[in-house]
Amino acid sequence: MTNNREGPARVRFAPSPTGHLHLGGLRTALFDWLWARKTNGQFILRIEDTDRRRFDPDSLESLKKGLRWLGLDWDEGPDIGGPFAPYVQSERRKIYQEKAQELVERGRAYRCYCTAERLATMREEQRRAGKGTGYDRRCRALSDDERRRYEAEGKPSVIRFAVPLEGVTVFNDLLRGDIEVENRQLQDEVLLKADGLPTYHLAAMVDDNLMEITHVLRGEEWLATAPIHKLIVDAFGWDMPVLVHLPVILDPSGKGKMSKRKKMVAGKEFLALVHEFQDSGYLPDAMFNFLTNVGWNFDPDQEVFSREEAIERFSLDEINPSAAALPYEKLDWLNGLYLRALTPSALKSALLPFLSQQLGLSETELKSDRRLDVLIPVVQERIKRLDEAVSWIDWAFLKSDEISYSDPKLLIGRKLDARQSVEMLRAAANVLQGVEPFCAEAIHAAFRERAEALGVKAGSFFGPVRGAISGKKVSPPLFESIEAVGREETLQRIGLAVAFLEEHSALEGG
RNA sequence: GCCCCCAUCGUCUAGAGGACUAGGACUCAGGCCUUUCAAGCCUGCAACAGGGGUUCGAAUCCCCUUGGGGGUACCA
């Protein structure tokens, strides 16, 4: 494939540090990384911090954390450096100033002295006249005298690119082919701002060239300005990198680009930021798998695959150019799959931070808690996210005097009344006193035997016990639960349940 | 408004003129299994936006319409 270009690729992920990384950005980085690894090339992290107003000092760390979380390691970038350092644009301002000046001298750009106020009123008038907005190129026509006078007055200025007034510009997008735009539709974009920092249009083109970037993957929102970029690159006499505009990620409603702002869809708040997914207990491997398959498809008959397999098969020209909403439910399903594939001890370590926080116990305390060793394997196939585990096992960490039964129904067995249920609980206590060893398997066998002897269905016999020890209608498998809390504690709880039930059935006149 | 992009089940997608009675996955519904809930297995519901062409033949190519998205900053 000619457009994929042979040989190692140099691709860059170039976020601007204006806030937390969201899933759209992460997906772009992922595709960058996949392509770099696929071609044995380099994945470069470049920070585009040329907007001083929107700069957020915390976001750089957040950005890096998000990339590391997904396992996207970069070969060149801030703090690790590289042959084209620095990788932070604010540290490269001199380069941009020189390049902008170069274009001015060659007549491809010009200084513009228009104030923000004038621009604003101009736009307002254009709007009122029902015309398209855009710079009217007033300063492009300045005479040398006027220019000298403004400079002498020390008037602040920007440098604007001088777009050819006629003709068409053609650029190529790998996914969409050649795209033609009439030059008269284009603006004389600002290249260098009054504060001496470049705009994206200049900075990205300069750096991509200097850093020898071969493929540019970026969001589709850049498609409209791509002709400008082509013109700028041409003006410098450089080659255009391969352009791949990735489809935007839509919010779950399928309407509108997903943004960092919280939005409610169908009465539910949905996650958008990388750290939110982290905090909710999604596994990086699951996220990697998930994200790889939106906008690109590994294999129509294989949903689950490894990083290595993804690298092996990934190809830029197979990317689907149409916008996509994230299938969140599929992510949950996938995460559950990855969760279940973990070894119990790996799951335990993954769970520790969540349980520690939610249970209010220290991680060291939990690490040696044998209740977890019994419970984790059975919780494993019941959760889709790490943060769901606690609600399955919190009851086991209650002291017996903290146990409470919200409703007597909880303790009533299938097709039984309160009196019969009390009998079941007493029988269970009796069984438990004698079971040896006190493990799930032995308890299970003994319970079955007793149920049969009593002539009741297993469900009728087990139900009240489940309610007694967990205080819940739905809980992990009973015998593991019993093993986890231990003989003594189980008997305690059964005793409490009996008392509760007797009191309530008495009140009901039973 | 103007410019650009996109268009297959609810969602993510396979499909590059005949292999399409349009395939897979998630969700949903039903069933099996079962100590609750899950997990697992099986079955089912469900799509080529519309209209014109081109062609022996169109989900696939072209045009129009419609719909959706993006852009229209001294933001990226």
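Lettering of chains follows the sequences in order, A, B, ..., and the numbering in each one begins at 1. Quick caveat, the model's predicted, so the values are computed rather than measured.
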query: Excluding sequence neighbours, so at least two apart, what forms side chain to side chain contact (heavy atoms under 4.5 Å, CB included) with A:L454?
result: A:M424, A:A427, A:R450, A:V456, A:F461
query: Can you list the residues that meet the side chain to side chain contact (heavy atoms under 4.5 Å, CB included) rule with A:P17, with sequence neighbours excluded?
result: A:I47, A:D49, A:F55, A:S59
- prompt: Between A:Y338 and A:Y282, is the ring centre distance below 6.0 Å?
  reply: no
- prompt: Looking at residues 377-387 of chain A, who's got a heavy atom less than 4.0 Å off RNA chain B?
  reply: A:E381, A:R382
- prompt: When the aromatic ring centroids of A:Y200 and A:H229 are compared, is their separation below 6.0 Å?
  reply: yes
- request: Using a 4.0 Å heavy-atom cut-off, write out nucleotides 60-76 of chain B from 5' to 3' as B (base contacted by protein), S (sugar-phosphate only) or - (no contact).
  value: ---------SSSSSBBB
task: Starting from P on B:rA16, measure out to CZ on A:R176 and report it in whole angstrom.
output: 21 Å
- prompt: Could you give the CG-to-P distance, from A:L326 to B:rG10, as a whole number of Å?
  reply: 19 Å
field: Qualifying residues under side chain to side chain contact (heavy atoms under 4.5 Å, CB included), relative to A:R137, sequence neighbours excluded
entry: A:Y110, A:Y135, A:R140, A:V163, A:L165, A:D188
message: Need the pair for B:rC41. Rule: Watson-Crick or G-U wobble, both distances under 3.5 Å, any strand; none if unpaired.
response: B:rG31
query: Any donor and acceptor pair, going by atom type alone, linking the side chain of A:N335 with main-chain N or O of A:L283 inside 3.5 Å?
result: yes
- prompt: Touch check for A:L337, heavy atoms < 4.0 angstrom, all strands: base, sugar-phosphate only, or nothing?
  reply: sugar-phosphate
Nucleotide B:rC37, atom P - distance to CG of A:L410 in whole Å: 14 Å
message: Generate the contact string for nucleotides 42-51 of chain B. Rules: B means base contact, S means sugar-phosphate contact only, - means no protein heavy atom under 4.0 Å.
response: ----------
- prompt: Relative to the 5' end of RNA chain B, which residue comes earlier, A:E303 or A:A325, by the nucleotide with the nearest heavy atom?
  reply: A:A325
- request: Assign A:P247 to base, sugar-phosphate, or nothing according to its heavy-atom contacts below 4.0 angstrom with the strands shown.
  value: nothing
- prompt: Between A:L331 (CG) and B:rU11 (P), how many Å, whole number?
  reply: 18 Å
